[in-house]
Amino acid sequence: MSEPLLIHITELPLNIASASAEQLPCSVRSNQAGHWYSCSLASLRDDLQEQEASERRATVFIPNLHVLSIEVTAPRKQHKYLAQILPFLCEEKLACDIDSVHISHGPAVGETIPVRIIQRSLLQELRQLMQDQGLILEAIYSDGDPVNALIPYGGQLLWVDAQHCLAVARQNHQAVLCSAPPEQAPALLQSMSATDELNVYRQPLVNGTLDCEITLGLEELSRQGAIIHNHTLPNPTTETDTIQTSWLARQEAVRPSGTVEQASPLPLGPEQLTASSINLLSGEFTPKTVKKAGFRWQPVAMAATMLLGLNVLYLLASGFYFEVKAEQLRADSETLYREYFPQDKRIINIQTQVQNHLNRGANSQQNGFIALLGQFYPNWKQHSNQLSLRSIRFNRDRQEMLLDIDSNSIEQLDQLRRALGEQAELLSANENKTQGGQTGVKGRIKLTGRQHSSSQ
């Protein structure tokens with residue numbers, strides 16, 4: 001997503017409702033232009049008419065004249081109640097009703113809390129004006145904030161160019177910023193303290209008298225013991241520099257020029273302009289979160305729908321497949337059942353009916369696989385917890401069944417043989433080691449049909 005527009009309104013009347021967008025001069029920096037340019041708020045709206053909503057996001061700076069910048073102190077334990085206690089901490093510094101202003105604060109530094117105060121009606125009208133111009137307002141800052149963050153306690157700054165004069169001082173936990181025409185620079189110099197360091201950013205002016213007055217004022221402060229650091233601003237090089245560009249734009253312009261001494265550079269880039277500032281759109285004025293234009297949820301929703309549909313189709317297909325397989329196994333089981341028990345005309349429950357046939361087969365005098373299995377099954381149930389049946393082989397011609405069994409000892413095999421009766425014979429029993437390293441016995445028992453046994 002592109003960065004928001006930076007809009008510096010250089011002149012802002014107290015009664016915005018009576019002013020039109022054509023009467024509001026501003027300086028604008030956008031990604032498309034790559035530099036600051038001057039225009040009115042109305043012409044800016046025309047420039048942005050065809051752009052997407054994401055490109056109409058704006059961060060606005062307003063003249064510091066309309067914003068009171070102060071710092072208050074409160075014990076750290078009370079910082080979690082700042083929203084409730086700030087009106088009481090700021091009330092004594094105001095000459096108006098506390099209910100008529102809006103208070104915003106920045107991150108606390110120890111027990112010190114930076115605060116910005118603006119008239120509530122002015123903030124409401126300004127926000128509405130920006131919305132009427134089709135701008136999505138993300139933040140409103142005082143244009144003195146970027147410089148306020150630069151000046152330490154006891155520090156001072158004076159900025160003078162052909163269009164602007166700015167004086168900043170931080171004393172007694174309070175940042176004082178004055179904006180004025182260049183002609184008032186000598187008067188601002190007289191208000192500067194001689195005991196604090198002063199950084200002067202100055203452009204050689206056409207008016208020689210004004211230059212002399214500023215020079216004399218600086219010399220007087222120096223005689224009084226003030227430590228002054230002079231930095232020379234570059235002269236205007238293009239027509240754009242000579243028109244109504246804001247002092248924020250002039251600040252940013254001096255960074256790449258290399259003219260200003262590097263000992264005390266100003267925080268002039270767009271990122272620095274907003275990083276050290278306090279957003280006036282806080283509390284009830286906090287803007288609604290704007291959805292990122294780059295994120296499209298429709299493809300994600302379509303992919304999720306397709307995935308869900310494929311999953312449902314898979315479940316239906318697998319259910320149908322297993323139903324067909326179950327029906328096939330059921331048919332095969334019935335075919336095998338009728339092969340062994342052709343006398344049964346009805347098949348209700350194959351497992352129960354086979355169990356009944358096995359129980360009857362144990363008492364039957366007939367031969368055949370089922371008869372031998374019925375003779376073997378009841379006796380096997382008594383020994384199944386001690387023995388393991390590996391295979392059963394039946395010889396139809398000889399009417400005999402061979403049972404391969406694993407056991408722990410020969411005695412267990414012999415117990416099973418005796419339980420099966422005279423028709424059972426233990427053919428072999430060989431010791432072997434199991435996977436667990438224990439010794440076991442592999443045995444084979446032959447079970448012969450009754451008639452074959454009598455003929456023997």
Listed partners of F88 passing ring pair (Phe, Tyr, Trp, His ring centres under 6.0 Å), at least two apart: none

Nearest heavy-atom approach of E138 to R57 is OE2-NH1, 2.7 Å

Can you tell me how far OG of S43 sits from CD of Q133, rounded to the nearest 0.5 angstrom? 9.5 Å

Approximate separation, where rounding is to 0.5 Å, of H8 NE2 and I62 CD1: 9.0 Å

Distance-minimising heavy-atom pair for G106 and I278: N-CD1, 3.5 Å

Can you tell if the side chain of Q119 reaches within under 4.5 Å of the side chain of L68, non-hydrogen atoms only? no

What are the two closest heavy atoms between A74 and I113, and how far apart are they? CB-CD1, 4.0 Å

Please report, to 0.1 Å, the donor-acceptor pairs under 3.5 Å made by any side chain of residues 307-325, with sequence neighbours excluded.
residue, atom, partner, partner atom, Å
S318, OG, Y314, O, 2.9
S318, OG, L315, O, 3.0

I347 side chain near Q353 side chain, heavy-atom distance below 4.5 Å: yes

Would you find a donor on one side and an acceptor on the other, under 3.5 Å apart, between the side chain of D97 and the backbone of S100? no

Distance from F394 atom CZ to Q399 atom CD, nearest 0.5 Å? 4.5 Å

Got I350 and E334 here, is their nearest side-chain heavy-atom distance under 4.5 Å? yes

By side chain to side chain contact (heavy atoms under 4.5 Å, CB included), which residues pair with Q412, not counting sequence neighbours? Q386, L387, S407, N408, S409

Any Lys/Arg nitrogen of R338 or D344 sitting under 4.0 Å from an Asp/Glu carboxylate oxygen of the other? no

Considering all heavy atoms of both residues, which atom of K93 and which atom of E71 are nearest to each other, and what is their separation? CE-O, 4.3 Å

Could you give me the CA-CA distance, side-chain angles and deciding distance for F376 and I445, then say whether side chain to side chain contact (heavy atoms under 4.5 Å, CB included) is met? CA-CA 11 Å; F376 166 74; I445 296 177; over 6 Å; no

Got a second to check how far R444's CZ is from I405's CD1, nearest 0.5 Å? 11.0 Å

According to side chain to side chain contact (heavy atoms under 4.5 Å, CB included), who are the partners of I98, at least two apart in sequence or on a separate chain? P87, E91, L94, V101, I103

Calculate, to the nearest 0.5 Å, the distance between atoms CZ and SG belonging to R116 and C90 respectively. 11.0 Å

Check: H231 and N199 side chains under 4.5 Å, non-hydrogen atoms: yes

Flag yes if more than 12 heavy atoms outside E284 fall under 6.0 Å of its CD atom; otherwise flag no. yes

Just verifying a value: how many Å separate H66 NE2 and L280 CG, rounded to the nearest 0.5 Å? 12.0 Å

Between R393 and D404, does any side-chain N to carboxylate O distance fall below 4.0 Å? yes

So, using ring pair (Phe, Tyr, Trp, His ring centres under 6.0 Å) as the criterion, who are the partners of H102 when residues are at least two apart? F285

Check against side chain to side chain contact (heavy atoms under 4.5 Å, CB included), T10 and D143: CA-CA 9 Å; T10 54; D143 63 6; over 6 Å; no

Shortest non-hydrogen pair, N64 vs S142, comes out as OD1-OG, 2.8 Å

Side chain to side chain contact (heavy atoms under 4.5 Å, CB included) with E431: which residues, sequence neighbours excluded? T439, V441

For P107 and P114 the tightest heavy-atom approach is O-CD, 3.3 Å

Just do the side chain to side chain contact (heavy atoms under 4.5 Å, CB included) check on L123 and R120 with the steps written out, would you? CA-CA 5 Å; L123 186 58; R120 184 180 296 272; 5.9 Å; no

Is the closest side-chain heavy-atom distance between T448 and K446 below 4.5 Å? yes

Quick one: does L426's side chain get under 4.5 Å of L416's, heavy atoms only? no

If we only count heavy atoms from C-beta on, is the L389 to D406 side-chain gap below 4.5 Å? no

Take L41 and L129, measure what side chain to side chain contact (heavy atoms under 4.5 Å, CB included) needs, and give me the verdict at the end. CA-CA 10 Å; L41 203 56; L129 177 64; 3.9 Å; yes

May I ask you to decide if the ring planes of Y141 and F61 are parallel, tilted or perpendicular, using 30° and 60° as cut-offs? tilted

If we only count heavy atoms from C-beta on, is the L281 to T286 side-chain gap below 4.5 Å? no

